[in-house]
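Atoms within a ligand are numbered from 1 in the order they appear, just like the ligands themselves. These values consider heavy atoms only, across backbone and side chains, with no hydrogens, waters or symmetry-generated copies. None of the values given here were measured: they were computed from a predicted structure.
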Amino acid sequence: MKVLVIGNGGREHAIAWKLAQSAKVSEVLVAPGNAGTAGEPKVRNVPIAVTDFDGLVELAKREHVALTIVGPEIPLVGGVVDRFEQHGLKCFGPRAAGAQLEGSKAFTKEFLSRHKIPTAAYRAFTDFAAARDYVRTLTPPVVIKADGLAAGKGVIIAATLADAEATLDRVLRQGAFGAAGTKVVIEDFLRGEEASFIAVVDGTRVVPLASSQDHKTRDDGDRGPNTGGMGAYSPAPVVTPAVHDRVMREIMLPTVRGLMADGIHYRGFLYAGLMIDDAGRPFVIEFNCRLGDPETQPILFRLRTELADVCLSCFDGTLGVKPIDWDPRATVGVVMASGGYPDAYDTGKAITGLDNATGSDVKVFHAGTKLEGGRVVTDGGRVLCVVGTGDSVRAASEAAYAGVSKITWDGGFYRTDIGYRAIQREEAS
Ligand code: AMP
Ligand code: GLY
């Protein structure tokens, strides 16, 4: 069968690489893909944008694609799955109605409180003066979120009330996030350790993937500005078996039941960004309607079951009949980024050392790369995710950083401490 992957990031490279390993998959098409997917056996890039729904449907029909997997949130929120379904095509991901869980923070907060699913207390505002008056009643830090999609940059944690007011002014009065920020959610600050909990959902059943944790900030020690993610690892030791059970019982199952009760059929990956407090209680920080990037790269490296089978089981009622099988070893993915990211950065820098970095315990996934005259050059903020595996998170991290050390380009940088919390836990136990 042929499978189509929509997207061009590191997540989509990992999805395409995993799919292509299956004997059942004759070819993986990636629209539009990157230099990494271009170089994978059995994988072909097709230059169609993720928002060109007509072009994508036409491609899927022309190539007799049996299954399409949508990587990024923008086409999901825009209704790409609804469009594929209108043409009788199997497309893995939630319809636009379900994708609101990521597309609107106000929708999600209202959903969570109505279904009594644990999350930070909040209020939503469109009016600056009302928001400012509310903020003046709070004790900092104050969490302010643009309602809509803002490429991971729409969350501001204000350390003082003055900062919070200035943020509200920028977002609600000056339109810093455009249409995504005409409404804001202001919520209580949660303390604890974060984890990413990603599950496969077929409308009624929920099967979790391996746990993971990402590092969202740019600098070592989890400091500096927020980014799309500077690295991730799997499993996440903060998700103990007891925490795992609570997340399923208090968050994932009630969420899918709540969606059903609200008349929303949700098929696809469901990603809960969680805060786990010191007592092991999980709270929802956010939902994503897709796999995480970079979490997917270390997660899929550990997946032994065929990815196409897992997705197809959500169409024929067999999700969960066979357990998903994982490599017990740990994985760590280190993102290499362009100098300046998450602010302005240059592109078009030639990358060297890619071949030397790869080995049996290291895989280099491409994100912002393209081919230019036969050379791989940078083409985005997050450029690569180098995944290493080993018997512990420490060993996996050493493998990943050995790979990273072989790769260079002008201005590239990376964090040197991906996985440090898990390594501390390993070493404490
Ligand atoms: P989000 O885009 O909603 O995942 O938020 C980005 C990051 O902001 C999260 O990964 C957290 O580190 C932080 N964050 C968001 N909401 C809260 C909150 N209510 N309390 C503490 N930290 C938060
Ligand atoms: N790594 C966070 C995300 O994919 O949203």
Side-chain angles (χ1 to χ4, degrees), residues 7 9-12 14-15 70-74 76-77 99 101-109 112-113 118-123 138-159 164 167 177 180-181 184-198 209 211-218 222-234 236 238 269-277 281-300 333-335 337 342 365 367 381-382 385 415 418 421:
R11 166 183 51 212
E12 289 78 18
I15 294 171
V70 188
E73 62 278 15
I74 287 177
L76 290 167
V77 172
L101 281 183
E102 177 161 6
S104 167
K105 295 198 189 282
F107 170 89
T108 299
K109 295 299 285 192
L112 290 169
S113 60
T119 188
Y122 83 106
R123 297 269 304 270
L138 302 177
T139 311
V142 178
V143 182
I144 300 174
K145 302 184 173 185
D147 177 55
L149 293 181
K153 293 177 191 158
V155 176
I156 293 98
I157 299 183
T167 298
F177 295 110
V184 296
V185 163
I186 301 177
E187 64 179 39
D188 289 356
F189 183 77
L190 297 168
R191 284 167 216 281
E193 185 171 346
E194 289 181 55
S196 306
F197 196 99
I198 309 176
L209 299 180
S211 65
S212 62
Q213 187 168 353
D214 78 341
H215 293 270
K216 286 208 173 73
T217 55
R218 185 191 59 198
D222 291 325
R223 281 186 253 273
N226 258 324
T227 71
M230 292 300 292
Y233 55 92
S234 175
V238 65
F269 297 109
L270 178 62
Y271 167 141
L274 303 173
M275 188 71 83
I276 317 287
D277 76 5
R281 287 183 304 185
F283 296 84
V284 176
I285 295 176
E286 61 161 352
F287 279 125
N288 294 318
C289 60
R290 51 170 173 83
L291 287 171
D293 190 341
E295 292 94 324
T296 302
Q297 294 84 313
I299 289 175
L300 290 189
V334 177
V335 169
F365 293 108
R382 292 190 293 172
C385 179
R415 276 181 60 162
I418 300 304
R421 285 177 205 277

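- Contacts of Lys145 with ligand 1, taken as heavy-atom pairs under 4.0 Å, involve the side chain alone.
- Taking the charged nitrogens against the carboxylate oxygens, Asp222 and Arg415 do have a contact shorter than 4.0 Å, which makes a salt bridge.
- For the pair Lys105 and ligand 1, a heavy-atom separation below 4.0 Å is found.
- The residue among Asn226, Asp222, Ile157 with a heavy atom at the shortest distance from atom 14 (N) of ligand 1 is Ile157.
- Under the salt bridge (Lys or Arg N to Asp or Glu O under 4.0 Å) criterion, Arg290 pairs with Glu73, Glu102, not counting sequence neighbours.
- The Val143 neighbourhood of ligand 1 comprises atoms 16 (N), 17 (C), 18 (C), 19 (N), 20 (N), with distances under 4.0 Å to a heavy atom of that residue.
- Put simply, the residue from Pro294, Ser234, Ser196 that forms a side-chain contact (heavy atoms from CB on, under 4.5 Å) with Ile299 is Ser234.
- Contact of the Tyr271 side chain with the Glu295 side chain is registered, since non-hydrogen atoms from C-beta on lie closer than 4.5 Å.
- In this structure, the side chains of Met275 and Arg191 stay at 4.5 Å or more apart for every pair of heavy atoms.
- Ser104 and Asp147 share a donor-acceptor pair across their side chains, judged by distance under 3.5 Å alone.
- Residue contacts with ligand 1: Leu190 is placed with a nitrogen or oxygen under 3.5 Å of a nitrogen or oxygen of the ligand (distance criterion only).
- Near Glu187, the atoms of ligand 1 lying under 4.0 angstrom from a non-hydrogen atom of the residue are 16 (N), 17 (C), 18 (C), 19 (N).
- Below 4.0 Å from some heavy atom of Phe189 lie the following atoms of ligand 1, by number and element: 20 (N), 21 (C), 22 (N).
- At least one side-chain heavy atom of Ile186 sits less than 4.5 Å from a side-chain heavy atom of Val142.
- Between Arg382 and Asp293, the closest side-chain pair of non-hydrogen atoms falls below 4.5 Å.
- With a 4.0 Å heavy-atom cut-off, ligand 1 is reached by the backbone of Asp188 but not by any atom from C-beta on.
- At least one side-chain heavy atom of Phe287 sits under 4.5 Å from a side-chain heavy atom of Thr108.
- For ligand 2, the protein residues within 4.0 angstrom (heavy atoms only) are Asp214, Gly228, Tyr271, Asn288, Arg290, Gly292, Asp293, Pro294, Glu295.
- By the 4.5 Å heavy-atom criterion applied to side chains, Thr217 and Thr227 are not counted as neighbours.
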